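See below for the structure under consideration.
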Protein chains: 2
Amino acid sequence: MSAALPPASPPFSTVLDDTIDGPAFSPLYQQIKALLTRSLQGGEWKPGEAIPSEMELAARFKVSQGTVRKAIDELAVDGLVVRRQGKGTFVATHAEEHVQYRFLRLEPDPEGAAGPVERRFLDCRRLRASAEVARALELKLGEPAVQVRRLLLFAGVPVVLDEIWLPGALFKGLTAERLSEYRGPLYALFETEFGVRMLRAEEKIRAVAASAAEAELLAVPEGAPLLSVERRTLTFGDKPVELRRGLYQTATHFYRNELN
Amino acid sequence: MSAALPPASPPFSTVLDDTIDGPAFSPLYQQIKALLTRSLQGGEWKPGEAIPSEMELAARFKVSQGTVRKAIDELAVDGLVVRRQGKGTFVATHAEEHVQYRFLRLEPDPEGAAGPVERRFLDCRRLRASAEVARALELKLGEPAVQVRRLLLFAGVPVVLDEIWLPGALFKGLTAERLSEYRGPLYALFETEFGVRMLRAEEKIRAVAASAAEAELLAVPEGAPLLSVERRTLTFGDKPVELRRGLYQTATHFYRNELN
DNA sequence: GAGTGGTCTAGACCACACT
DNA sequence: GTGTGGTCTAGACCACTCC
């Protein structure tokens, strides 16, 4: 495509229809980004694999390298893809992340020694979605859902009690045994075994008092203040695929957040 | 600067010294970004004002528009600057933000009506920095500091109790009267009256039990779980200029966070 | 219409990783 | 050396804002 000469088709050829809100202008690189996202979602390149080079993609889409580049830049910011200079661009994966827990913002207090992490699965049951779960996961009331409860211990001390809800339709063969034998992050299991990619999440954080059962599991007094972290995890198209309620004991750990 | 011909000075002319860690390569746009940051910090352009156009800056720094553009892009991501198509690029300011509280991630529950915000200043005292305050603000133990305490009410209901610590040297004329007569966000006052720009912040979040005094101010039972949000706010050069401990009542509100 | 940011191109060269 | 992402340039045109 030459910029100096009138191009055969305008460079800003919008693929969208201009019905209601006017032209619905969308830059080329956004359209490329959408195409790449579709390929990622469709599994053309698997997590951990390299996607084609910028030059190849530029040739495929008949645009300049710079335009492909800008599209990939945004995918990288969104965390769908990871760039590695000199090597290529790779599909993001939970399976080989150095940080074990991508979405866990919990850190130990400076004094506390950073001990090994232990996971203890309490149960894994197939239930029907309650009103709350159905709303969060965009299911119908009573549709099948999987509930997983587990405990996270740091240096032997229980710190996180998680209650996880998943759409039953997406997690057919998920069992307590499968969970306890798996090494590595939960999201890696979901990715490799069930093809579900956790891309981003929204959290609502509150302070609550520990119930008797919760207190016992977390080894704190009943009524002790706990951090309640309600996480809704989304995949492609902002489709919710997990509802997780975490209770964090914050005597020895804290939730870290950066604002700007 | 022509790319086709050997340039007089190499385009990647690093301004830094290559002493210890090798060449210390820094892209041109990063150097431009650093220069622009210096100008912002030095007050060459005041908050709310427009900075020169990309073309002007390109001419000033003798680089292409694209290079200036990339520098400004990062400043925009960092929140130091705001781009407005067709109008220009403006120095970020707390004074004319539509969202009143840039760093406050608190939202009302869906049911709760969004009422007007009321601020109630409890006190403003000049004290000496405790060990904790000194460490957080990088002061010496016992150096002068200002303590402000205030209550935030939404629709008449007390929700946030803040205890704010500021370096005394930077906030000479800050008084309770000045605070209570001021309309608008605290950070806007700090910006216009004291020339202190809050650029980013780190928060440590915990769940705690309300003390008797705290409970009374927030109209909750003593021992009720509260969200403790300890914020360290930074200005240019990551210099800490505020330590704030907020206690949030999370029965009617929650702390919202987005992860990706 | 003039000015500003936003998009797009084509081409060159640099830094990094593998072979 | 070859290939990949990363930087830089010069120039064109588009979209938005204001006069």
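For clarity, every value in this text was computed on a predicted model and none was experimentally measured. Chain A is the first sequence line, chain B the second, and so forth, proteins listed ahead of strands; every chain is numbered from 1.
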task: Look only at the side chain of Thr235(B) and the backbone of Arg197(B), and say whether a donor-acceptor pair between them is shorter than 3.5 Å.
output: yes
query: Side chain of Val63(A): nearest nucleotide among dG6(D), dT7(C), dT9(C)?
result: dT9(C)
- request: Please determine, for the side chain of Arg83(B), which listed nucleotide (dT17(D), dG5(C), dT9(C)) has the closest atom?
  value: dG5(C)
query: Given dT7(D), is OP1 or OP2 found less than 4.0 Å from the side-chain N or O atoms of Lys70(B)?
result: yes
- prompt: Looking at dC8(C), dC16(C), dC8(D), which one has an atom nearest to any side-chain atom of Tyr29(A)?
  reply: dC8(C)
- prompt: Taking the side chain of Glu56(B) as its heavy atoms from C-beta onward, which of dT9(C), dT4(C), dT4(D) lies nearest to it?
  reply: dT4(C)
- line: The nucleotide from dT9(D), dG5(D), dT9(C) with an atom nearest the side chain of Leu28(A) is dT9(C)
message: If the cut-off is 4.0 Å, is Thr89(B) near the phosphate of dG5(C), judged by side-chain N/O to OP1 or OP2?
response: yes
message: Between Lys87(A) and dC18(C), is there a contact of a side-chain N or O with OP1 or OP2 at under 4.0 Å?
response: yes
Residue Arg38(A) excluded, over 12 heavy atoms near CZ under 6.0 Å: no
query: When we call it a touch if two heavy atoms are under 4.0 Å apart, what does Gln85(A) touch: a base, just sugar-phosphate, or nothing?
result: base
message: Under 4.0 Å, heavy atoms only, any strand: does Arg69(B) hit a base, just the sugar-phosphate, or nothing?
response: base
message: Measuring to OP1 and OP2 of dT9(C), would you say a side-chain N or O of Thr67(A) lies under 4.0 angstrom away?
response: yes
- line: Sorted by chain and number, sequence neighbours left out, ring pair (Phe, Tyr, Trp, His ring centres under 6.0 Å) with Phe194(A) holds for Phe171(A)
field: Of Gln65(A) and Gln30(A), the one whose closest DNA chain C nucleotide lies more 5'
entry: Gln30(A)
message: Between Glu193(B) and Arg178(B), does any side-chain N to carboxylate O distance fall below 4.0 Å?
response: yes
- prompt: Partner of dC16(D) by Watson-Crick or G-U wobble geometry, both contacts under 3.5 Å, or none?
  reply: dG3(C)
